[in-house]
Structures are given as structure tokens and as C-alpha cells.
Amino acid sequence: LSMPVRTVLFDYDDTLVATFPFRSAALTAAVHEVLGRDLSGDAYLRSRPGETVEQTAANLAGADIERAPVLVAAYRRHYSVISESGLAPFAGVEAMLGELRRHGVVCAVVTSKVRWLVARELQRCGLDQYFAHIVASDDVTRHKPAPDPILKAMDLLDAVAGHTMMVGDTDADIQAAHAAGVTAGAALWGSPNSTLLLAAGPHHAFATASEIVTLIVG
């Protein structure tokens, strides 16, 4: 690292917490219920990682656009039920966050998920204590891969681009990091599409959460 990292911004879904199976199952169920057709939520999410739920719903509804908000509501209902038990941080994530905090590194969450849901899940997984701020989908107009959420988080934290790293599991996270002028870290451990993730050109690729600690504090 050319400059020491003092701030780390983390994506939420499939970077901190393994939500992919719950999200893919909820999407399959919601599309069947609202649009009356069969869709592999798994295949869709792997092909278009990093979208907001609203973007996904608009894409899937197509010309039937008035059904998009209905699809979002159905998705959240299914997701809430399916994920009620079983949400857990990835191996090593909590230990990594604890080590970063011990060394004075400030952490925040930058996610395309809606704020109330992220806050609830972080609390349920015992991770909320590690984050100074959450920047969620309802906090910005333009989402990743635009730099806006990262810039907002840096503003809230008084962070400097040269001392900030964004860590995420999708190409949108890496593109947003480049656009914001911060160090881009790829969370390979949770990525639904590591090929897309690496093609975006991260500065660092982490196979495990502990590698972040090794890079930043040695």
C-alpha cells in the first residue's frame, strides 16, 4: 500500500454476510408470484451482481412497469421469511472487523440494500457495533457503480480518498471505488461472479477476510 488505510468501506450482501441463497430464492418466488413466470434467481443474480432490488424489478417487469413495485414488495416479503433463520457473517469477518477496530481503522457499510433491512441484519448478526455509518440505497440517488455512495460515506467519516479502501464482492463495488479514487478490494470469498469481479480491476483481491488485516496492519 502506498498510503496507510485508515478507513474501510464494506459492501454488505455477500461481502459481510452470506445472503445470496436467500436473495436468489426470494427472487425466484417473487417473479413466479407477480409475473407468473419461472426464473432462476440464482442465474439472474450471478449475471447482474450489484443491482438494487428496484433495478432488478424494473428489468424483469419490462413493459409491465407498474408491476415493478409489486415485485419489490413480494421479493422483500419472501426474503424476510426465507432469511429469518440462517443469516450469518462469513468466516473470519467478525474477527477481521475486531482487529481493524483495535488498530484504529474506521469502518462503514456502503450497500445498495435498503437501510432498515441492512441495519436489522447487521444487528442480528452481531456486526452493527463495528460500523460508524451505513450508506444505503435510500441515501443516494445514484448507486454503485457510480461513486456517490462511497463519496457520501467518506464525507460522513471525514475520510481522505488516499487513505480509504472499498471492499466488495461485485464489479459494481470495484468500479465505484475507481470512480471515487479510493483503493479497490475484491471480496472473493463471497462473490457470486468472481470473473466479473476480477475483470473490473481491483487493486487487491482477498481470498479470506483475514487477508485484509494482513494488508492493512501487517
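Please read these numbers as outputs of a predicted model, since none were measured by experiment.
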Give me the atom names and distance for the closest heavy-atom approach of [X] to [Y].
{"X": "Leu100", "Y": "Cys107", "answer": "CD1-SG, 3.9 Å"}
{"X": "Ala184", "Y": "Ala177", "answer": "CB-CB, 3.6 Å"}
{"X": "Ala43", "Y": "Ser40", "answer": "N-OG, 3.0 Å"}
{"X": "Ala18", "Y": "Phe22", "answer": "O-CE1, 3.6 Å"}
{"X": "Ala161", "Y": "Ala180", "answer": "CB-O, 4.2 Å"}
{"X": "Pro202", "Y": "Leu197", "answer": "CD-O, 3.6 Å"}

Any side-chain to backbone donor/acceptor pair from [X] onto [Y]? Under 3.5 Å, distance only.
{"X": "His163", "Y": "Pro4", "value": "yes"}
{"X": "Asp173", "Y": "Thr170", "value": "yes"}
{"X": "His103", "Y": "Ile216", "value": "no"}
{"X": "Thr52", "Y": "Ser112", "value": "no"}
{"X": "Asn193", "Y": "Arg46", "value": "yes"}
{"X": "Ser47", "Y": "Tyr44", "value": "yes"}
{"X": "Ser24", "Y": "Gly41", "value": "no"}
{"X": "Lys144", "Y": "Asp11", "value": "no"}

(message) Please evaluate residues Phe20 and Asp42 with respect to the criterion side-chain contact (heavy atoms from CB on, under 4.5 Å), reporting the C-alpha separation (whole Å), side-chain torsions for both, the decisive distance (0.1 Å), and the verdict.
(response) CA-CA 8 Å; Phe20 188 85; Asp42 185 292; 3.4 Å; yes
ILVMFWY cluster, [X] and [Y] together (side-chain gap under 4.5 Å):
{"X": "Leu117", "Y": "Val135", "answer": "no"}
{"X": "Leu97", "Y": "Leu188", "answer": "no"}
{"X": "Met166", "Y": "Tyr12", "answer": "no"}
{"X": "Trp116", "Y": "Phe131", "answer": "yes"}
{"X": "Val72", "Y": "Val118", "answer": "yes"}

What is the distance from atom [atom1] of [X] to atom [atom2] of [Y], rounded to the nearest 0.5 Å?
{"X": "Tyr130", "Y": "Glu94", "atom1": "OH", "atom2": "CD", "answer": "3.5 Å"}
{"X": "Thr214", "Y": "Glu99", "atom1": "OG1", "atom2": "CD", "answer": "9.5 Å"}
{"X": "Gln123", "Y": "Gln129", "atom1": "CD", "atom2": "CD", "answer": "11.0 Å"}
{"X": "Thr28", "Y": "Leu45", "atom1": "OG1", "atom2": "CG", "answer": "8.0 Å"}
{"X": "Asp169", "Y": "Leu196", "atom1": "CG", "atom2": "CG", "answer": "11.0 Å"}
{"X": "Leu156", "Y": "Ile134", "atom1": "CG", "atom2": "CD1", "answer": "11.5 Å"}

(request) Inspect the contact between Arg76 and Glu54 and indicate whether a charged nitrogen and a carboxylate oxygen are less than 4.0 angstrom apart. (result)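 Yes, this pair counts.
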(request) Considering only NZ, NE, NH1 and NH2 on the basic side and carboxylate oxygens on the acidic side, decide whether Glu121 and Arg124 come within less than 4.0 Å. (result) no
(message) As a test of understanding, state which of Arg115, Lys113, Lys152 forms a salt bridge (charged side-chain N to carboxylate O under 4.0 Å, His left out) with Asp139.
(response)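 Exactly one option meets the salt bridge (charged side-chain N to carboxylate O under 4.0 Å, His left out) with Asp139, and it is Arg115.
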(message) Could you tell me if His143 and Gln55 have a donor-acceptor pair between their side chains, going purely by distance under 3.5 Å?
(response)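 Side-chain D/A pair, Gln55 to His143: absent.
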If we only count heavy atoms from C-beta on, is the [X] to [Y] side-chain gap below 4.5 Å?
{"X": "Arg77", "Y": "Glu33", "answer": "yes"}
{"X": "Trp189", "Y": "Asp14", "answer": "no"}
{"X": "Val109", "Y": "Leu127", "answer": "no"}
{"X": "Cys125", "Y": "Val17", "answer": "yes"}
{"X": "Phe206", "Y": "Met96", "answer": "no"}
{"X": "Thr141", "Y": "Asp148", "answer": "no"}
{"X": "Leu9", "Y": "Val182", "answer": "no"}
{"X": "Leu151", "Y": "Asp155", "answer": "no"}

(message) Show, in sequence, the C-alpha distance, side-chain angles and deciding distance for Arg37 and Leu60, and conclude whether the side-chain contact (heavy atoms from CB on, under 4.5 Å) test is met.
(response) CA-CA 10 Å; Arg37 61 182 214 248; Leu60 292 172; 3.8 Å; yes
(request) Could you walk me through whether Thr7 and Met154 pass side-chain contact (heavy atoms from CB on, under 4.5 Å), step by step? (result) CA-CA 8 Å; Thr7 307; Met154 287 166 58; 5.9 Å; no
(message) Apply side-chain contact (heavy atoms from CB on, under 4.5 Å) to residues Ile174 and His178 and explain how you reach the verdict.
(response) CA-CA 6 Å; Ile174 305 306; His178 287 313; 3.6 Å; yes
